[in-house]
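I have placed the structure first, in the form of structure tokens, so that the comments after it can refer back to it.
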Amino acid sequence: MSDKIQDTNSLEGLENREQFKSRLGFVLASVGGALGLGNVWKFPYMVGKYGGAAFIVVYLIALLSIGLPVLMTEFALGRNTKLSYTGSLKKLLPHKKWYIAGIVGVITLIITLAFYSGIAGWTIAYFFKSVAGAFNGMDADAIGGQFGQFISSPFQTVFFLGLMLILTAGIVLKGVSGGIEKVCNLLLPLLFAMIIFLGVRVLMLPGAGEGVKFYLKPDLSQLNGDTIIAAIGQAFFTLGVGAGNLVVYGSYLDRKETITSSTLMVGIGDTVAAILFGFIIFPAVFAYGIEPTMGPPLVFITLPVVFAQMKFGMFFASTFFLLLFFACLTSTICIMEAIVGFGVDELKISRNKSTIITTIIVFILGSLLILSFGVLSDVLIMGQTLFDFANETLVSTILLPGGALIMVLLVGRKMKPEVIIDEINIGKGFKMNKTLYSIIMKYIAPIAIVLMFLQMLGIF
């Protein structure tokens, strides 16, 4: 197939399926899909909670030994079949009902996009607030109060949710090379440049050295079972594997180079971004005596406090929230594309119609979830708000680990890993060892995911 797209409304079949124009475009789009809010607040939060650099070491081991092989699997499923996750399971496991796992994956992605787009919309609002100097002269209590008023405002939260979805849908509507690849080729280099710029500025703050010391000096006393399981969980979380959303990106990939080479580049890009974000957050919070293990409030309450105390703080706050918006946008594009790909492949509808239907469904569900911070805060499921139940219980604790477990069991036990490893190693570049891959998919990955699942449920 030539670089020219023959039919942007059809994803079906090798002869007319869209493709990324370049390997770099595929890698940047995949890094963008993995890069998001989790890299900004969750990775630094986990590093702070589990002993600094000791956690990073275990995380890197988990990423190389488990996370990246599973990511390779998603890419290989897509490239082998030229279909989304559900279609891949139908083709590789015919006359079986395992494709239901793909449908559950789409449901997972719809729920994920619904709550993720709501939080991503906050980054747009906070970018405008920063540009307007809304945090100037405010202390922590005032900024915290402003945040509380914002998230409890039905109009503002739903408006920015809708704006985020419209921006995402507009890019997805333009297709793979004309929309997703073009936007990611622009945003990802700009995003990394902004991360480095902010990191250098924060490292110049008085007292920042203590944050760097905490970040890079291992605390070996924290190396225990909890740290290891948490690192495995973060390896899955940061790459976004488990629901099969990156299968569709693999389906747009040619066979000139091995999937191993591309996956390594994606893993390196995502990990470097996560580590660099730590160089923004830890020196800043140590410089101003702030607790580094706060979690999500760190982004929307604590960091604005830090920026408010810095010289030219308005400029740096605006840069940070613009950077965060870019990271969120590349993630929402990836998630929406996987849902749209399902609509086109399985429901046989056009890209335009699938994108519009997806946007409407996600907006309705996302509105309900984001309103749980305000007018729907009294609506509880199992003692949790709608947002917390969808995010923490349904997706993070049940659907994503469960989906990842089913995927590795299907590849390791039903398809046989040899089918996938042959696809992974087609082309020029690094090759994945067949025996090692088989051991990972049959034994190491399933055991690791089960342990992670039990830890999330509080059993292990």
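Since the structure is predicted, the reported quantities are computational estimates derived from the model, not experimental observations.
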Treating Ser354 as the side-chain partner and Val340 as the backbone partner, does any N or O pair qualify as donor plus acceptor under 3.5 Å? yes
Distance-only, no hydrogens or angles: does the Ser331 side chain make a donor-acceptor pair with backbone N or O of Gly32 under 3.5 Å? yes
Within the structure provided, determine whether Ser251 and Leu83 are in side-chain contact (heavy-atom separation under 4.5 Å). no
Determine, step by step, whether Thr385 and Val379 satisfy the side chain to side chain contact (heavy atoms under 4.5 Å, CB included) criterion, reporting the C-alpha distance in whole Å, the side-chain angles of both residues, the deciding distance to 0.1 Å, and the verdict. CA-CA 6 Å; Thr385 64; Val379 180; over 6 Å; no
Salt bridge (charged side-chain N to carboxylate O under 4.0 Å, His left out) between Glu181 and Lys174, intermediate numbers included: CA-CA 10 Å; Glu181 184 173 5; Lys174 291 183 178 295; over 6 Å; no
Does some side-chain heavy atom of Thr393 sit less than 4.5 Å from a side-chain heavy atom of Ile398? yes
Thr271 side-chain N/O to Gly267 backbone N/O, donor-acceptor pair under 3.5 Å: yes
For the aromatic rings, using the six-membered ring if either is Trp, is the centroid distance between Phe127 and Phe325 under 6.0 Å? no
Among Leu365, Thr358, Ile364, find the one that has a side-chain contact (heavy atoms from CB on, under 4.5 Å) with Val362. Thr358
If we ignore hydrogens and angles and just use 3.5 Å, is the side chain of Thr123 paired with the main-chain N or O of Ile119 as donor and acceptor? no
So does Phe197 have more than 12 non-hydrogen atoms from other groups sitting under 6.0 Å from CZ? yes
A side-chain contact here means heavy atoms from C-beta on lying under 4.5 Å apart; do Leu329 and Met164 qualify? yes
Donor-acceptor contact below 3.5 Å, side chain Ser372 vs main chain Phe387: yes
For the residue pair Ser262 and Arg23, confirm or rule out a side-chain donor-acceptor distance under 3.5 Å. yes
Hey, are Thr332 and Thr168 close enough side-chain-wise for a donor-acceptor pair under 3.5 Å? yes
Spatial distance of atom CD1 (Ile339) from atom OG1 (Thr112) [nearest 0.5 Å]: 8.0 Å
Compute the centroid of each ring, for Phe342 and then for Tyr85, and state whether the two points are separated by less than 6.0 Å. no
Side-chain donor or acceptor of Thr397 paired with backbone N/O of Leu394 under 3.5 Å: no
Can Ser177 and Glu18 be counted as having a side-chain donor-acceptor contact under 3.5 angstrom? no
With a 4.5 Å limit on heavy-atom distance, are the side chains of Phe316 and Ser130 in contact? no
Backbone N/O of Pro154 and side chain of Thr157: donor-acceptor pair under 3.5 Å: yes
Kindly say whether Ser84 contributes a backbone atom to a donor-acceptor pair with the side chain of Asp345 at under 3.5 angstrom? yes
Exercise: do Tyr252 and Glu337 side chains pair donor with acceptor under 3.5 Å: yes
For the rings on Phe320 and Phe307, is their centre-to-centre separation under 6.0 Å? yes
Indicate whether any N or O donor in one side chain lies under 3.5 Å from an N or O acceptor in the other, for Ser261 and Thr258. yes
Which residue in the set Ile361, Thr359, Thr355, Ile360 passes side-chain contact (heavy atoms from CB on, under 4.5 Å) when paired with Ile357? Ile361
With sequence neighbours excluded, residues passing side chain to side chain contact (heavy atoms under 4.5 Å, CB included) with Ile151: Trp122, Phe147, Phe373
Heavy-atom distance under 4.5 Å between the side chains of Phe326 and Leu190, does that happen here? yes
Stepwise ring pair (Phe, Tyr, Trp, His ring centres under 6.0 Å) test for Tyr249 and Phe20: CA-CA 9 Å; Tyr249 273 11; Phe20 288 102; 5.6 Å; yes
4.5 Å side-chain heavy-atom contact, Ile195 and Phe279: no
Within-4.5 Å side-chain heavy-atom neighbours: Thr319 and Leu198: yes
If we ignore hydrogens and angles and just use 3.5 Å, is the side chain of Lys82 paired with the main-chain N or O of Leu253 as donor and acceptor? yes
Mind telling me whether Phe55 and Tyr59 have parallel, tilted or perpendicular rings, with 30° and 60° as the class edges? parallel
Do Val47 and Phe282 touch side chain to side chain, with heavy atoms closer than 4.5 Å? yes
Verify, without hydrogens or angle tests, whether Ser153 (side chain) and Phe150 (backbone) share a donor-acceptor contact under 3.5 angstrom. no
